[in-house]
Amino acid sequence: MSSLKRYPAIDPGAATVAITGGARGIGLATAKAFAARGASVAIGDLDRAAADAAAEHIGPRCVAFGLDVGSAESFAAFIAGAENSSGPIDVLVNNAGIMPLAGFLDESDQVTAMQIGVNLWGPIHGMRAVLPGMMERGRGHIVNLASLAGKTATPGAAVYSATKHAVVGLSAAIRDEMADHGISVSVILPSLVRTELGAGLAMPSMATVSPETVADTIVNSVRTRRASTVVPRWLGTAVDIANLLPTGVQETARRRVGANRIAAAANTDPRRSQYLRRIQDQVSGA
């Protein structure tokens with residue numbers, strides 16, 4: 001049976017969509033893309049002021065809430081508020097994520113814990129918040145944002161990579177658990193996205209993508225219900241082939257491109273300073 005036959009159709013133009021990390025970057029682009037198609041959109045973000053500003057910019061189809069995805073209680077309140085405002089959630093986009101860069105031994109326990117809380121516990125809390133209602137209605141779609149770092153080794157971002165590998169595995173398992181309930185789970189794996197999160201990372205322009213491109217892929221997943229999509233698609237094929245090579249060949253290739261130095265160099269880029277300050281403020285306030 002094809003994926004499309006297994007899942008009741010959801011019209012993106014008539015859906016109620018909840019998006020985490022919706023004040024900036026991919027989340028904001030996704031909110032705009034759904035709202036432009038006629039969906040009712042609820043965005044949640046730790047930065048409530050930025051979320052409010054984003055919702056005001058998008059227009060009356062969008063409402064904003066404060067949200068700490070690392071807290072099950074906060075996530076439950078976000079979903080309750082979104083459903084009170086716009087109706088039952090048809091689509092949940094677990095987009096919120098952070099990517100501090102450091103050598104594994106240089107990264108503090110607090111920063112490690114925050115990455116796990118946002119990048120992994122966030123999708124867990126989100127799915128547990130919406131799945132019971134989706135099961136009752138016999139329909140729904142969840143999109144979990146991972147990363148190409150969830151398919152390959154990423155020196156200088158070891159814990160970030162670990163959380164994204166975990167999201168890939170989590171999404172595949174929950175997809176199988178929920179299929180008979182009419183609920184689909186898709187995981188999206190972008191390469192380097194041209195947002196504040198990726199500022200300073202040196203990659204060929206052909207391997208980078210805009211947040212709008214990722215957003216279009218997310219919206220399109222409501223139609224295709226694809227289990228997994230790399231953005232851009234060709235890079236996913238390249239990584240799959242590279243992962244079949246002997247370990248020694250892979251390690252040599254990473255050394256030749258200076259993979260261990262890329263993350264350290266990114267942190268010296270002034271474009272990344274504001275992003276790092278915001279993460280440090282979150283750590284200090286946790």
Distance check, rounded to the nearest 0.5 Å: [X] atom [atom1] versus [Y] atom [atom2]?
X	Y	atom1	atom2	answer
S161	K151	OG	NZ	12.0 Å
I10	S184	CD1	OG	6.0 Å
M134	M178	CE	CE	10.5 Å
T30	I43	OG1	CD1	11.0 Å

Is it the case that the side chain of [X] and the backbone of [Y] share a donor-acceptor pair, with hydrogens and angles ignored and the cut-off at 3.5 Å?
X	Y	result
H141	Y7	no
N144	S171	no
E83	I89	yes
T217	T213	yes
T163	Y160	yes
T208	V193	no

(request) Could you check F34 against V93 for side chain to side chain contact (heavy atoms under 4.5 Å, CB included), going step by step and ending with a plain yes or no? (result) CA-CA 11 Å; F34 272 112; V93 182; 4.3 Å; yes

(message) Does this structure show an ion pair linking D11 with R37, if we count only N-O contacts that are shorter than 4.0 Å?
(response) no

(request) State plainly whether the residues R6 and D180 are in salt-bridge range, i.e. N to O under 4.0 Å. (result) yes

(request) Begin with the C-alpha distance, continue with both residues' side-chain angles, and end with the deciding distance and a verdict on side chain to side chain contact (heavy atoms under 4.5 Å, CB included) for L189 and K164. (result) CA-CA 9 Å; L189 301 93; K164 296 305 183 179; over 6 Å; no

(request) State yes or no: do L120 and L92 share one hydrophobic cluster built from I, L, V, M, F, W and Y residues joined by side-chain heavy-atom distances below 4.5 Å, directly or via other members? (result) yes

(request) Report the C-alpha distance between N95 and T20 in whole Å, list the side-chain angles of each, state the deciding distance to 0.1 Å, and finish with yes or no for side chain to side chain donor-acceptor pair (under 3.5 Å). (result) CA-CA 5 Å; N95 162 74; T20 70; 5.2 Å; no

(request) Determine whether more than 12 heavy atoms belonging to other residues, nucleotides or ligands lie under 6.0 Å from atom CZ of R48. (result) yes

(message) By the definition side-chain contact (heavy atoms from CB on, under 4.5 Å), identify the one residue from V159, T112, V111 that meets it with P100.
(response) V111

